[in-house]
Amino acid sequence: MPRYNPAVIEPKWQNYWDVNKTFATPDLPVGEKLYVLDMFPYPSGNGLHVGHPEGYTATDITCRFERMRGKSVLHPMGYDAFGLPAEEHAIRTNTPPRESTENNIETFTRQLKMLGFSYDWDRSIATTDVEYFKWTQWIFLQLFDTWYDLEKQQGRPINELPIPQDVVAAGEREVRLYQDDHRLAYQADALVNWCPELGTVLANEEVIDGRSERGSHPVQRIPLRQWTLRITAYADRLENDLEHVDWPSGIKKLQADWIGRSTGAEVDFFIGPADDITQWKAERLAGGFPRKPGDDVLRIYTTRPDTLFGATYMVIAPEHPFVERLTTDDCREAVDNYCQQASLRSDRDRTEDTSTKTGVFTGGFAVNPVNDELVPVWVADYVLISYGTGAIMAVPAHDQRDFEFAQTYDIPVVAVVDPGEDSEDRDDVLAGKVCSTVQGRAIHSEEYDGLETAVFKEQIQTALTEQGWGRAAVNYKLRDWLFSRQRFWGEPFPILHELGDDGEPNGLIRSVDIADLPVDLPYLEDYKPHGRPEPPLGKAPDEWLYCEIDGKRYRREINTMPQWAGSCWYFLRFIDSKNGEVFVDPEKEKAWMPVDLYIGGAEHAVLHLLYARFWHKVLFDRGHVSTPEPFQRLVNQGMILGEMEYSVFQDADENWVSFAAATRSATGDYHHRENGSELQQIQLDQQQVTRKGDGWVLVEDENIGVDGRCYKMSKSRGNVVNPDVVVSDYGADSLRLYEMFMGPLVATKPWNMSGVNGVRGFLDRVWRMIVDDRVDNLAVNAALSDDGPTAEQLKVLHQTIQSVTVDTENLDFNTAIARMMEFVNFFTGQQSRPQSIMQSFLLLLSPYAPHIAEELWELLGSDKTLAYEPWPVCDESLLVENTIEVPVQIRGKVKTRISVAADISQADLEQAARADKRVTELLSDAEIIKVIVVPGRLVNFVTK
RNA sequence: GCCAGAGUGGCGGAAUUGGCAGACGCGCUGGAUUCAAAAUCCAGUGGCCGCAAGGUCGUGGGGGUUCGAUUCCCCCCUCUGGUACCA
């Protein structure tokens with residue numbers, strides 16, 4: 001086997017690592033620990049994609065590198081196997097979900113092993129393992145057993161929740177309902193995102209543009225009783241603690257924006273009989289602002305209480321409970337129609353065109369407490385029932401949306417903030433002709449006139465509180481997490497609904513005893529979604545569905561948990577994956593957590609990463625984990641795009657048409673921009689195009705512009721690269737190396753198969769540098785010697801050690817590989833290659849291309865893996881240069897280079913530069929104004 | 001619209017604190033080897049002018065700071081990703 005043949009050596013070493021459990025991790029770290037985690041994959045039916053090995057190779061290199069540097073490394077892998085994609089695949093292939101999931105897991109495992117990743121496979125888990133989701137259910141019960149203490153800012157056991165006296169007096173049932181109302185996991189009637197196509201409700205985070213994130217199906221809003229997790233209780237901590245983690249700033253900002261904290265005030269507008277306003281104000285002055293608004297007021301939320309005097313109308317959401325009460329008889333028909341329309345409009349319709357606002361007057365009025373003016377109340381769908389109080393005061397002069405609405409319906413615009421003399425459109429703002437949202441000085445605001453916005457806000461806040469009209473308030477864009485799904489393939493909730501004498505649920509619930517976990521999924525003949533909101537588990541056999549405890553009959557909860565449940569804590573289970581007593585042993589948890597490096601795609605910025613942090617904080621509050629944050633450092637790998645594609649158009653007569661001349665219709669057809677004729681899109685080979693100016697053109701007619709771009713890999717485009725094919729054509733080491741060599745880890749990069757061929761060429765040269773490829777048996781290259789290395793050889797080695805070490809530490813894998821290529825280029829030209837240097841090089845290469853490194857390491861006489869050999873150390877004394885080349889510039893342009901002693905003084909360097917023949921020549925008839933001399937760097941003569 | 005990120009040869013990309021632009025790889029060109037090809041090895045390879053020495057332009061565009069800018073500042077353009085009535 002003289003030639004480099006990955007097909008033989010790669011399986012050999014994968015088997016070696018497997019059999020010898022080379023990468024088994026001890027229960028507790030020995031010495032310094034390092035927990036390196038990949039975002040575990042969904043084992044979809046399509047198998048691995050080249051995007052997966054990108055992050056996985058990066059973490060694998062880091063792990064192999066740090067093991068050699070003596071760290072105890074935890075590097076596990078598992079599968080996020082519950083949820084829609086797996087279930088959809090099971091339905092498509094007509095197999096039971098567990099069976100198809102297990103098949104997919106098998107495929108993924110085979111593919112991952114084929115790439116030589118150094119996972120401790122004994123720790124592998126799938127979220128669908130019964131022994132795993134037993135603990136997912138257990139954690140859910142922790143959430144169920146926890147209420148949030150706002151004062152202490154901490155989640156606490158439900159039995160420590162103070163119960164108000166009136167509730168205690170109302171009896172046991174009321175106490176239990178009160179507790180249920182305060183749990184972190186609670187049931188609520190809410191307008192939910194119902195997706196008929198998928199047959200389930202979805203979390204806000206899973207709905208994009210009114211369509212499902214998975215499959216892009218339409219989503220409707222329907223009211224449904226659902227399990228919800230009180231993530232909003234943790235909103236401030238989730239935002240503030242971002243400060244302490246080492247994450248990309250973009251992701252932090254995304255999370256902070258998603259949480260969307262805003263501060264302002266809640267204000268009550270009186271809607272009772274006009275004559276009662278004086279009495280109402282007296283009551284409020286005495287009694288203060290009530291926690292819950294009564295029927296006689298419309299409570300609004302505003303971030304600009306300083307604009308209260310500019311409120312010329314109010315808006316309530318179509319779903320607001322007061323619509324009925326505020327609507328007068330002569331407006332009723334119009335209001336009913338509008339609300340009816342709004343309920344039918346999907347969220348997509350509602351958000352499609354946000355510039356046209358619609359609404360209808362209710363006929364009702366409310367009293368603005370600050371000036372006792374009557375303000376008309378409208379219903380409009382630009383106000384959302386789910387945010388704030390579902391009602392607003394509209395200040396068209398200082399809010400863009402209100403302004404647009406007021407324009408449409410001819411509502412007065414009263415400016416109450418003077419944007420200041422510097423403002424360009426000040427006159428128009430003051431005249432109510434344009435809207436201005438900037439801060440300024442108050443006008444038309446009675447005693448507040450002249451105040452700056454910030455000061456006004458503070459003063460009015462105090463006044464509102466004193467009068468009992470309002471209070472300071474905080475709101476979040478983040479909503480509580482809708483946690484139940486009407487699908488089969490998810491964790492069952494460990495919850496029982498008590499049945500009354502009539503056999504129907506009586507509203508009381510209890511958790512399944514921890515000793516009775518897990519609640520496994522029942523066998524179902526038919527688990528497919530049917531488009532109605534009743535979960536398939538409702539069809540489970542009675543022995544699963546019903547049970548009796550202490551003489552009471554119960555029916556099981558039949559919703560299932562969403563996909564995200566299992567991924568919220570998997571990193572904890574990896575630490576102690578086989579523990580049957582607890583979800584993770586506290587000692588081990590303390591030793592390994594937090595995750596030191598977490599690499600995965602940016603698409604999980606607000607879903608997985610926010611949910612997991614939330615669960616972790618609950619577990620932290622309840623004393624089950626030792627760190628407030630799970631993931632200390634996060635890195636997002638960039639997307640890998642398909643290969644470059646060139647396209648152009650042809651008309652019906654096969655005449656070429658420039659790409660720019662085509663326009664795409666709504667149906668997806670292409671037409672000529674000018675004459676409207678139908679066009680055909682034509683894909684071109686690289687040979688058919690050439691570069692001209694900024695763009696590409698046809699070789700045969702350079703007047704025809706061609707579009708050249710890289711697209712996301714997708715099955716429908718047919719540009720997906722399959723890792724199996726790359727491994728069989730080039731080998732796993734080549735795939736690993738190429739994915740790292742393409743460019744920076746975090747960058748989006750296009751795939752290019754000839755680049756894989758290029759790194760394969762590098763590995764071929766590595767092989768030939770050490771192996772004699774002209775004999776039949778595996779033998780070392782005759783150029784290898786036991787002679788001592790030359791000074792130059794040593795210097796090249798140690799330069800390489802230094803660069804590869806620093807680059808690997810910084811995840812700059814592409815430049816580390818470039819340095820190793822330079823090493824090989826140099827040593828290929830050396831007639832004598834000292835064995836010790838070759839060995840050091842193999843150690844540097846091994847995290848990147850572990851199979852070939854192990855094979856050659858063995859060939860050079862070792863009998864065990866190099867995985868734990870000490871990482872080579874750079875001897876900096878060998879890198880010291882005696883002489884260096886310094887560029888000499890004239891007016892900032894390099895004219896020549898001079899060779900000088902490395903430690904030359906500033907004065908000597910200038911002398912040496914002036915003495916240079918070429919410099920003398922160029923300076924002969926020039927007047928030197930200034931000389932810049934940077935020792936070791938350059939000399940620059942500034943001349944006239 | 002808003003928020004991120006990015007624009008460097010034919011392509012992917014490199015370049016410490018502002019100090020030699022284009023490392024490394026692909027591709028291409030020429031040569032060696034070969035009956036031939038593949039593979040391999042050697043040399044060259046940003047544009048323009050020039051036989052050459054050399055000159056000149058050049059990091060999306062325009063301006064600025066500086067002895068010196070891919071790097072810092074201002075304005076603009078393009079692309080990619082995210083997001084959208086959150087009061």
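Residue numbers begin at 1 in each chain, while the letters A, B, ... track the order of the sequences. Keep in mind that the numbers below use all heavy atoms, side chains included, and drop hydrogens, waters and symmetry copies.
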G-U wobble or Watson-Crick pairing nucleotide for [N] (cut-off 3.5 Å, both distances):
{"N": "B/G30", "answer": "B/C42"}
{"N": "B/U80", "answer": "B/A4"}
{"N": "B/G58", "answer": "none"}
{"N": "B/G25", "answer": "B/C11"}
{"N": "B/A37", "answer": "none"}
{"N": "B/U71", "answer": "none"}

Just call it for A/Arg768: base, sugar-phosphate, or nothing, with non-hydrogen atoms closer than 4.0 Å on any strand.
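Contact class for A/Arg768: sugar-phosphate only.
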Mind checking if A/Lys252 touches a base, just sugar-phosphate, or nothing, with heavy atoms under 4.0 Å?
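Since no nucleic acid heavy atom lies under 4.0 Å of A/Lys252, the category is nothing.
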With a 3.5 Å cut-off and no angle check, do the side chains of A/Asp480 and A/Thr232 form a donor-acceptor pair?
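Per modelled atom types, A/Asp480 and A/Thr232 side chains form a pair under 3.5 Å.
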Taking atom types as modelled, is there a side-chain donor on A/Asp236 or A/Tyr476 under 3.5 Å from an acceptor on the other?
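Short answer, yes.
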Is the phosphate of [N], meaning OP1 or OP2, less than 4.0 Å from a side-chain N or O of [X]?
{"X": "A/Lys930", "N": "B/C67", "answer": "yes"}
{"X": "A/Asn636", "N": "B/G81", "answer": "no"}
{"X": "A/Ser262", "N": "B/A87", "answer": "yes"}
{"X": "A/Asn814", "N": "B/A14", "answer": "yes"}
{"X": "A/Arg3", "N": "B/U40", "answer": "no"}
{"X": "A/Lys893", "N": "B/C57", "answer": "yes"}
{"X": "A/Lys895", "N": "B/U56", "answer": "yes"}

Nearest-nucleotide 5' precedence on RNA chain B, A/Pro887 against A/Asp257:
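Taking each residue's closest nucleotide, the earlier one in sequence belongs to A/Asp257.
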Heavy-atom nearest nucleotide on RNA chain B for A/Gly388 versus A/Thr828: which residue maps closer to 5'?
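Nearer the 5' end of the strand: A/Thr828.
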In whole Å, what is the span from the [atom1] atom of [X] to the [atom2] atom of [N]?
{"X": "A/Arg479", "N": "B/A84", "atom1": "CZ", "atom2": "P", "answer": "11 Å"}
{"X": "A/Trp696", "N": "B/G9", "atom1": "CH2", "atom2": "C1'", "answer": "11 Å"}
{"X": "A/Arg760", "N": "B/G25", "atom1": "CZ", "atom2": "C1'", "answer": "16 Å"}
{"X": "A/Lys253", "N": "B/G82", "atom1": "NZ", "atom2": "P", "answer": "16 Å"}
{"X": "A/Leu737", "N": "B/C24", "atom1": "CG", "atom2": "P", "answer": "16 Å"}
{"X": "A/Phe659", "N": "B/U78", "atom1": "CZ", "atom2": "P", "answer": "16 Å"}
{"X": "A/Lys749", "N": "B/C24", "atom1": "NZ", "atom2": "P", "answer": "21 Å"}
{"X": "A/Leu938", "N": "B/A21", "atom1": "CG", "atom2": "C1'", "answer": "14 Å"}

Please work out whether B/G9 sits syn or anti, treating a glycosidic angle within 90° of 0 as syn.
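B/G9: syn.
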Can you tell if the side chain of A/Phe405 reaches within under 4.5 Å of the side chain of A/Trp378, non-hydrogen atoms only?
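They are in side-chain contact.
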Is it the case that B/C67 (base atoms only) and A/Arg891 (side chain only) share a donor and an acceptor within less than 3.5 Å, ignoring hydrogens and angles?
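Checked by distance alone, the answer is no.
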